[in-house]
Asker: 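Questions regarding the structure given below will be posed in turn.
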Amino acid sequence: QVQTHITPLYLRLQEEQRQRLGVDTLMPYDRALVFPEGNAVPVAAEELPEAAHRMYHSLSPEAGAFFDEMVRHDLLDVTGSSNKISGMGFCDMLGAPYNMPFVFANCDGTSGDVTVYTHELGHGLQGYLSEDTLPPFILNRSSPAVKTRIGLSAGISASFFYKDSK
């Protein structure tokens, strides 16, 4: 199935990138360059909350309400700091009085910020939406049901978290 479905898709994407870059042969060092004028530049760390606000409100009313509650209760600790490890983050569900997720990350101005931020907020959104749907005996903070969360696709988030590279 990989040779039937994945390999042709990969080859097509590589050919599109080769044409976009205007090169005869796509070399290994070309693979990281997506556009000839340069790759998209992530927004500044202080702009991430506004970009996330736009993204979550565009996804659904429930996602927008989730993000608004995260901000209202100051449940996002994502500001960059030399005292935090770069490129990592986590999301954990808090008990009463919030019954909300808490997201921790170290946004240091790299493209990884978008991945970590949306991934951890995706976990939080899933936990937030599951809070009312899971029976109380399952909603143990350490249960696999709560720990199984989704990460949002970088493709969905790209238009909200990257400045136009032109």
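Bear in mind the structure is a predicted one, so any value in this text is a computation, not a measurement.
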Asker: Tell me if a side-chain donor or acceptor on N106 pairs with a main-chain N or O of S81 at a distance below 3.5 Å.
Answerer: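 Side chain of N106 to backbone of S81, a donor-acceptor pair under 3.5 Å: yes, one is there.
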Asker: Given side chains that start at C-beta, do those of P101 and H123 come closer than 4.5 Å, heavy atoms only?
Answerer: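 No, side chains not in contact.
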Asker: Could you grab the distance from atom CG of L26 to atom CG of L33, nearest 0.5 Å is fine?
Answerer: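 Here the rounded value is 9.5 Å.
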Asker: So, the side chain of R20 versus the backbone of V34: is there a donor-acceptor pair under 3.5 Å, distance only?
Answerer: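 Yes, R20 side chain to V34 backbone: donor-acceptor pair under 3.5 Å.
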Asker: How about CD on Q3, more than 12 heavy atoms from neighbouring residues, nucleotides or ligands closer than 6.0 Å, or not?
Answerer: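 No, because the 6.0 Å sphere around CD of Q3 holds 12 heavy atoms or fewer from other groups.
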Asker: Is any side-chain heavy atom of V116 closer than 4.5 Å to one of V78?
Answerer: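 Not touching, per the 4.5 Å side-chain cut-off.
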Asker: As an exercise, state the distance from CE of M70 to OH of Y98, rounded to the nearest 0.5 Å.
Answerer: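 Result: 11.5 Å between the selected atoms.
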Asker: Taking the side chain as every heavy atom from C-beta outward, state whether N99 and L94 have any pair of such atoms under 4.5 Å apart.
Answerer: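 Answer no - side chains too far apart.
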Asker: Looking only at heavy atoms, which two atoms of G122 and Y56 are closest? And how far apart?
Answerer: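 The answer is N-OH, 3.6 Å.
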Asker: Please determine, by modelled atom types, if R31 and Q14 share a side-chain donor-acceptor pair under 3.5 angstrom.
Answerer: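 Looking only at side-chain atoms, Q14 and R31 do form a donor-acceptor pair, the distance falling under 3.5 Å.
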Asker: If you measure from SG on C91 to CG on L125, what distance do you get to the nearest 0.5 Å?
Answerer: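 C91 atom SG to L125 atom CG measures 10.0 Å (nearest 0.5 Å).
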Asker: Please round to the nearest 0.5 Å and tell me the distance separating atom CE of M27 and atom CG of L21.
Answerer: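 The CE atom of M27 sits 13.0 Å away from the CG atom of L21.
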Asker: F67 and V103: same hydrophobic cluster, using ILVMFWY side-chain contacts below 4.5 Å?
Answerer: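 Both belong to a single hydrophobic cluster.
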Asker: Would you call R18-D24 a salt bridge at under 4.0 Å N-O?
Answerer: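 Here R18 does not pair with D24 in a salt bridge, since their nearest N and O are not under 4.0 Å apart.
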Asker: Using modelled atom types only, decide if a donor and an acceptor are shared between the side chain of K84 and the backbone of T79 within a distance under 3.5 Å.
Answerer: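 Confirmed, K84 side chain pairs with T79 backbone.
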Asker: List the atom of L121, the atom of L76, and the distance in Å for their closest heavy-atom pair.
Answerer: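 The pair with the smallest heavy-atom distance is CD2-CD2, 3.6 Å.
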Asker: Please name the pair of heavy atoms, one in F66 and one in M100, separated by the smallest distance, quoted to 0.1 Å.
Answerer: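 Looking at all heavy atoms of both residues, the closest pair is O-CE, 4.1 Å.
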Asker: So F90 and F102, would you call those rings parallel, tilted or perpendicular, with 30° and 60° as cut-offs?
Answerer: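 F90 vs F102 ring planes: tilted.
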Asker: Strictly by modelled atom types, are D68 and H57 linked by a side-chain donor-acceptor pair under 3.5 Å?
Answerer: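 Indeed, the side chains of D68 and H57 share at least one donor-acceptor pair under 3.5 Å.
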Asker: How long is the span from the CG atom in L9 to the CG atom in L13, to the nearest 0.5 Å?
Answerer: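 The distance works out to 4.5 Å.
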Asker: What is the minimum heavy-atom distance between V2 and P8, and which atoms define it?
Answerer: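 Shortest heavy-atom contact: O-CD, 4.3 Å.
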Asker: Please check this pair: side chain of E62 against backbone of Y128, looking for a donor-acceptor N/O pair closer than 3.5 Å.
Answerer: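 Judged by distance alone, no pair lies under 3.5 Å.
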Asker: Please give me the minimum heavy-atom distance between V23 and D30, naming the atom from each residue.
Answerer: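 Closest approach of V23 to D30: CG2-OD2, 4.3 Å.
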